[in-house]
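Read the structure below first, then the notes.
Sequence positions, counted from 1, serve as the residue numbers for this chain.
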Amino acid sequence: MTMLPILLAAAMAFPDGKRCAVTYTFDDGLADQYEVAFPMFREVGLKATFFPITDKVGDPKGLKSKAERGTPLMTWAQLKEMSDAGMEIGTHGASHGKYSKMTREEIFADMRRGKESVEREIGLPCVSFASPFNAKRGADGSSVEETAKEAGLPAVRMSQKAAGGAMTAEKMNSLVETARKKGGWIVFMSHGMKRGYDAWETPEELKKHLEWVSMQADVWVGTFGEVAAYTLE
């Protein structure tokens with residue numbers, strides 16, 4: 001199984017009369033994803049995919065990046081709770097390193113460490129991977145996507161639509177409508193819900209959108225791993 005590095009693909013086939021697929025992904029493992037986003041999905045009965053930086057899970061110092069410095073991170077217990085509730089836990093790499101400055105061997109090791117951490121702590125296979133900084137090639141020209149497959153991560157997110165900042169429910173609804181007309185798959189990506197990189201100005205907009213999409217009978221809301229496996233099968 002491989003993962004197409006695309007945001008929208010035309011004329012895909014989906015199960016049970018669905019006309020399009022939507023996936024919600026959350027990067028970096030920020031604590032307010034558990035505190036704010038997770039309850040929203042649980043309330044409407046939908047699933048999402050979370051991509052933590054596995055070396056930083058539970059680190060009280062947070063991340064080093066300027067946008068997220070000091071931002072609380074989720075613990076493995078919280079990630080396990082979300083997994084038990086049907087959310088998918090993937091990996092954003094172990095270190096969130098700059099793959100464009102790393103060799104293939106270094107990238108492979110980072111991916112494998114992230115995958116193994118998730119499987120050890122969550123107790124389920126880890127198949128989904130989000131490339132840090134959307135890097136497509138290593139310093140030696142190696143393909144990040146191909147390396148991920150070799151590392152046992154067949155579902156690779158290489159393209160996505162940012163959902164944060166001033167994003168509104170109306171705009172997200174419109175993007176889903178476009179996917180429905182094209183018969184495609186749209187992948188949303190969020191970071192902070194209240195603080196951190198590209199944090200939502202109004203997190204309630206996401207809830208409004210989820211309430212709307214949950215009522216669309218011909219829209220398939222699936223985790224990244226689920227939709228990747230189905231569309232490539």
_Closest non-hydrogen atom pair, D218 against G17_ = CB-O, 4.1 Å
*With sequence neighbours excluded, what pairs up with S190 under the side chain to side chain donor-acceptor pair (under 3.5 Å) test?*
W200
*Is there side-chain contact between E211 and M215, with at least one heavy-atom pair below 4.5 Å?*
no
*According to a 4.5 Å side-chain heavy-atom criterion applied to Ile, Leu, Val, Met, Phe, Trp and Tyr, with indirect links allowed, do M189 and V227 form part of one hydrophobic cluster?*
no
*Do any pairs count as a side chain to side chain donor-acceptor pair (under 3.5 Å) and have a residue in residues 121-133, sequence neighbours left out, and if so which ones?*
E88-S128
*Relative to each other, are the rings of F51 and F224 parallel, tilted or perpendicular (30° and 60° limits)?*
perpendicular
*Identify the two heavy atoms, one from G152 and one from P154, that lie closest to each other, and give their separation to 0.1 Å.*
O-CD, 3.3 Å
*Kindly assign one of parallel, tilted or perpendicular to the pair W220 and Y230, based on the angle between their ring planes and the thresholds 30° and 60°.*
perpendicular
*Can you get from I53 to F133 by hopping between Ile, Leu, Val, Met, Phe, Trp and Tyr side chains that sit under 4.5 Å apart?*
no
*Would D28 and Q33 count as having a side-chain donor-acceptor pair, cut-off 3.5 Å?*
no
*Would you please name every residue forming a salt bridge (Lys or Arg N to Asp or Glu O under 4.0 Å) with E177, sequence neighbours left out?*
R180
*According to the salt bridge (charged side-chain N to carboxylate O under 4.0 Å, His left out) rule, which pairs have a member within residues 110-119, sequence neighbours left out?*
D55-R113, D110-R113, R112-E116, K115-E119
*Okay, side chain of T202, backbone of E205: is any donor-acceptor separation there less than 3.5 Å?*
no
*Verify the cluster assignment for Y99 and F108: are they in a single hydrophobic cluster under the rule of side-chain heavy atoms below 4.5 Å apart?*
no
_Set of side chain to side chain donor-acceptor pair (under 3.5 Å) partners for T23, sequence neighbours left out_ = W185
*Check the pair F26, M74 against side-chain contact (heavy atoms from CB on, under 4.5 Å), reporting the backbone distance first and the verdict last.*
CA-CA 12 Å; F26 293 82; M74 281 188 277; over 6 Å; no
*Under 4.5 Å between side-chain heavy atoms, hopping through other hydrophobics if needed: is there a path connecting V22 to F41?*
yes
*Distance-minimising heavy-atom pair for K101 and A139*: C-CB, 3.7 Å
*Using the test salt bridge (Lys or Arg N to Asp or Glu O under 4.0 Å), find all partners of R104 that sit at least two apart in sequence or belong to another chain.*
E150
*Quick one: side chain to side chain donor-acceptor pair (under 3.5 Å) partners of K56, sequence neighbours excluded?*
D59
*So, for P39 and V36, which heavy atoms are closest and what is the spacing to 0.1 Å?*
CD-O, 3.4 Å
*Nearest heavy-atom pair of I89 and C126: which atoms, and what distance?*
O-SG, 4.1 Å
*Are any side-chain N or O atoms of S214 and backbone N or O atoms of L210, one a donor and one an acceptor, separated by less than 3.5 Å?*
yes
_Evaluate V127 against L153 for side-chain contact (heavy atoms from CB on, under 4.5 Å), listing each step before the verdict._
CA-CA 5 Å; V127 301; L153 294 160; 5.7 Å; no
*asked:* Run the side-chain contact (heavy atoms from CB on, under 4.5 Å) test on R157 and D27 for me, step by step, so that the C-alpha distance in whole Å, both residues' side-chain angles and the decisive distance to 0.1 Å come before the verdict.
replied: CA-CA 11 Å; R157 194 197 70 190; D27 289 11; 2.8 Å; yes
_Partners passing salt bridge (Lys or Arg N to Asp or Glu O under 4.0 Å) against E201 (at least two apart in sequence or in another chain)_ = none
*Looking at M111 and A151, what are the two nearest heavy atoms and their distance?*
CB-CB, 4.0 Å
*Taking salt bridge (Lys or Arg N to Asp or Glu O under 4.0 Å) as the test, write out the residues that go with E81, two or more places apart.*
R42
*Can K47 and V221 be said to form a side-chain contact (heavy atoms from CB on, under 4.5 Å), step by step?*
CA-CA 7 Å; K47 296 183 287 186; V221 178; 5.9 Å; no
*Is any side-chain heavy atom of Y24 less than 4.5 Å from a side-chain heavy atom of M40?*
no
*asked:* Assigning hydrophobic clusters by single linkage (Ile, Leu, Val, Met, Phe, Trp, Tyr; side-chain heavy-atom cutoff under 4.5 Å), is V44 placed with W212?
replied: yes
*For H96, enumerate each residue passing the side chain to side chain donor-acceptor pair (under 3.5 Å) test, keeping only those at least two apart in sequence or located in another chain.*
H92
*Which residues pass the ring pair (Phe, Tyr, Trp, His ring centres under 6.0 Å) test with Y34, sequence neighbours left out?*
F38
*Apply ring pair (Phe, Tyr, Trp, His ring centres under 6.0 Å) to W76 and list each qualifying residue two or more places apart in sequence or on a separate chain.*
none
